[in-house]
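A short worksheet on the structure shown next.
Bear in mind the structure is a predicted one, so any value in this text is a computation, not a measurement.
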Amino acid sequence: AYFIVFVFIPSCFGFDMSGRRFYVYILERIFEWGRKVEESPVVQQIPPETPPVTPTGEDFRVRKLVRQNSKIPRNRSFGTFQRDFHLSDVCEFATSAFEAITDDEVTKGFSAEQLSGWNLLWRNKGYYFISWRLTLVYWFGVAIRYGVLLPMRLVCLSSGLLWLVISMAVFSALPNFNSRRLVENWATLVAYRLVSRALSAHIRYHNSENKARPGGVCVANHTSPIDVAVLCVDKCFSLVGQKHGGVLGIMQRALSMAQNHVWFERSVVSDRSNVAKRLSEHLADKRNNPILIFPEGTCINNTKVYMFKKGSFELEAPIYPVALKYDSRFADPFWNSSQQSMETYLWRLLTSWALVVDVYYLEPTSRQEDETSLNFASRVKTSICMKGGLVDVVWDGNVKRELSRQVLKQKKSEWQDTTAVRFGFK
């Protein structure tokens with residue numbers, strides 16, 4: 001009865017009776033109190049559990065000798081350096097190389113966002129003792145998340161998926177009638193609202209007058225597949241994306257039963273070449289929903305925006321930019337598909353505090369006469385970064401993920417040959 005009255009019926013009519021706004025407000029106050037406790041002088045004066053080992057005089061002499069030997073004399077020429085080479089000379093180069101790898105602006109986008117304070121989740125900083133009060137709050141939160149919220153969230157998520165599959169199957173079997181698209185969109189909205197309630201999602205929409213309209217293309221920065229649910233709670237879209245299996249595959253097949261969506265395989269060249277044609281045909285029919293595309297082509301940790309693919313900006317249609325900015329204090333929204341499955345990612349979200357996100361609708365724009373599709377994509381990306389407070393990165397997000405093994409082997413072989421020639425091994 002509680003689920004029907006407070007969850008399902010509000011989802012059908014688009015209003016909220018779950019008190020998520022008040023719940024998020026309480027969490028913000030708790031996080032602020034925990035930050036003050038963590039930064040208090042009493043906590044900072046607590047000695048570490050393992051005291052550092054005091055170096056001996058011999059240790060200092062050894063370290064000094066290593067530093068002296070690792071420095072490359074500046075008065076040597078390159079020819080002298082080739083003839084008079086010591087293995088310790090590579091230390092400076094190795095140090096610089098490791099620093100460059102650590103500070104790589106590309107790879108930083110594929111790791112979870114680092115928080116300044118502890119959000120009382122084990123996966124953020126692990127559990128460590130700060131004070132007895134904070135410890136009691138932490139374990140009370142564990143009991144609430146796993147004992148109270150998790151069962152209700154599982155019911156909401158299962159109901160949303162079941163509603164989506166059944167409703168789309170029913171509509172696909174019915175003949176066409178005048179208001180069929182409206183009913184299909186309503187059923188889709190109900191499914192996404194149930195999924196958002198399963199995640200305790202608190203979504204704040206800004207400038208709703210700029211929402212995408214039929215015949216247009218909505219583009220947004222990409223953090224995880226949950227971005228689709230966040231946007232489709234407010235408006236129905238026709239989706240364009242990679243084919244998936246598992247839970248995502250079930251949702252894709254269910255949506256395709258009664259609606260027009262474009263799924264493709266990146267590895268199949270024929271699929272990618274037909275996408276532009278199918279999108280143009282879709283946009284030509286004003287009865288279809290606007291298209292939703294994530295031009296980055298991969299998930300980023302919501303601190304940066306990587307290069308937009310130019311394909312979606314070559315279409316003869318207005319572009320509706322959207323900036324998504326998650327609050328990582330309540331949950332880690334980033335899905336690292338190379339390290340975790342969708343099921344594992346959903347479990348992490350279901351056992352987190354909430355999903356808090358701001359959605360900024362930007363004014364629609366079109367490509368100018370003297371503007372290339374690549375420049376147009378860069379301009380739209382810059383506007384999204386400025387609105388969402390994200391870092392604008394010029395690199396392609398797929399560089400680190402899709403570099404083939406053959407290319408890696410070729411680069412390694414070239415480096416080995418160059419090194420061997422330089423030091424006289426060949």
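Side-chain contact between Val393 and Val305: absent, with no pair of heavy atoms (C-beta onward) separated by less than 4.5 Å. Taking 4.5 Å as the limit, every side-chain heavy atom of Lys235 sits out of range of all side-chain heavy atoms of Cys218. Looking only at side-chain heavy atoms (C-beta outward), Pro364 and Asn210 come within less than 4.5 Å of each other. Residues Tyr320 and Tyr361 are not in side-chain contact: their nearest non-hydrogen atoms beyond the backbone lie 4.5 Å or more apart. Contact of the Val391 side chain with the Thr303 side chain is not registered, since no non-hydrogen atoms from C-beta on lie closer than 4.5 Å. Here the side chains of Phe376 and Gln368 are not in contact, with every heavy-atom distance at 4.5 Å or above.
Taken from CG in Asn301 to CG in Leu390, the straight-line distance is 9.5 Å, to the nearest 0.5 Å. Distance check, rounded to the nearest 0.5 Å: CD of Glu363 to NZ of Lys387 gives 9.0 Å. Separation of atoms CG (Asn274) and CG (Leu279) is listed at 10.5 Å; rounding is to 0.5 Å. Atoms CD1 and CZ, from Ile30 and Arg329 in turn, are 12.0 Å apart once rounded to the nearest 0.5 Å. In this structure, CG in Asn289 is found 8.5 Å from CG in Asn260, a value given to the nearest 0.5 Å. The CG atom of Asp327 lies 8.0 Å from the CG atom of Asp358; values are rounded to the nearest 0.5 Å.
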Practice task
List the steps and the verdict of side chain to side chain contact (heavy atoms under 4.5 Å, CB included) for Tyr192 and Leu164.
Solution key: CA-CA 9 Å; Tyr192 283 120; Leu164 181 64; 5.8 Å; no

Practice task
Would you please test Arg204 and Val356 for side chain to side chain contact (heavy atoms under 4.5 Å, CB included) and show each step?
Solution key: CA-CA 8 Å; Arg204 298 182 286 252; Val356 181; 3.6 Å; yes

Exercise for the section: Decide yes or no on side chain to side chain contact (heavy atoms under 4.5 Å, CB included) for Cys156 and Val7, but give the supporting numbers first. Expected result: CA-CA 8 Å; Cys156 288; Val7 178; 3.8 Å; yes

Handout entry: CA sep, side-chain torsions, deciding dist, call: Leu27, Tyr23, side chain to side chain contact (heavy atoms under 4.5 Å, CB included)
Key = CA-CA 6 Å; Leu27 288 176; Tyr23 169 66; 3.5 Å; yes

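Between the side chains of Asn375 and Arg367, no donor-acceptor pair is found at a separation under 3.5 Å. In this structure, a donor-acceptor pair under 3.5 Å is absent between the side chains of Thr298 and Tyr306.
Annotation: side-chain hydrogen bond (donor to acceptor under 3.5 Å, both in side chains) contacts of Thr188 (sequence neighbours excluded): Gln259.
When atom types are taken as modelled, the side chain of Ser256 and the backbone of Arg253 share no donor-acceptor pair closer than 3.5 angstrom. Ser341 places a side-chain N or O within 3.5 Å of a backbone atom of Thr344 that can act as its donor or acceptor partner. Listed for the Arg145 side chain is a donor-acceptor partner under 3.5 Å among the backbone atoms of Thr351. Side-chain atoms of Trp186 do not come within 3.5 Å of backbone N or O of Phe13 as any donor-acceptor pair. Panel note: side chain Asn185, backbone Cys236; no donor-acceptor pair is recorded below 3.5 Å. Between the side chain of Ser378 and the backbone N or O of Leu374, no donor-acceptor pair lies under 3.5 Å. Using modelled atom types, one side-chain atom of Gln252 and one backbone atom of Gln242 make a donor-acceptor pair closer than 3.5 Å. For the pair Lys325 (side chain) and Asn302 (backbone), a donor-acceptor distance under 3.5 Å is present. A donor-acceptor pair under 3.5 Å links the side-chain atoms of Asn288 to the main chain of His282, judged by distance alone. Listed for the His261 side chain is a donor-acceptor partner under 3.5 Å among the backbone atoms of Leu239.
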Considering only distance and modelled atom types, tabulate donor-acceptor pairs under 3.5 Å from the side chains of residues 308-317, sequence neighbours left out.
residue	atom	partner	partner atom	Å
Lys309	NZ	Glu296	O	2.9
Lys309	NZ	Asp396	OD1	3.0

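Shortest non-hydrogen contact noted between Ser196 and Arg193 is OG-O, 2.7 Å.
Screening residues 207-231 for salt bridge (charged side-chain N to carboxylate O under 4.0 Å, His left out), with sequence neighbours left out, gives Lys211-Asp234. The list of ring pair (Phe, Tyr, Trp, His ring centres under 6.0 Å) pairs with a residue in residues 224-257, not counting sequence neighbours, is empty. Within the structure, salt bridge (charged side-chain N to carboxylate O under 4.0 Å, His left out) contacts touching residues 375-385 (residues at least two apart or in different chains) are Glu371-Arg379, Lys381-Asp392. For residues 149-162, the side-chain hydrogen bond (donor to acceptor under 3.5 Å, both in side chains) pairs, not counting sequence neighbours, are Arg153-Ser200.
With a 6.0 Å radius and a threshold of 12 heavy atoms from other residues, nucleotides or ligands, Arg21 has its CZ atom at or below the threshold.
Note: Tyr360 and His206 have parallel aromatic rings, judged against thresholds of 30 and 60 degrees for the angle between ring planes.
Exactly one residue among Tyr326, Trp335, Tyr345 makes a side chain to side chain donor-acceptor pair (under 3.5 Å) with Ser224. That residue is Tyr345.
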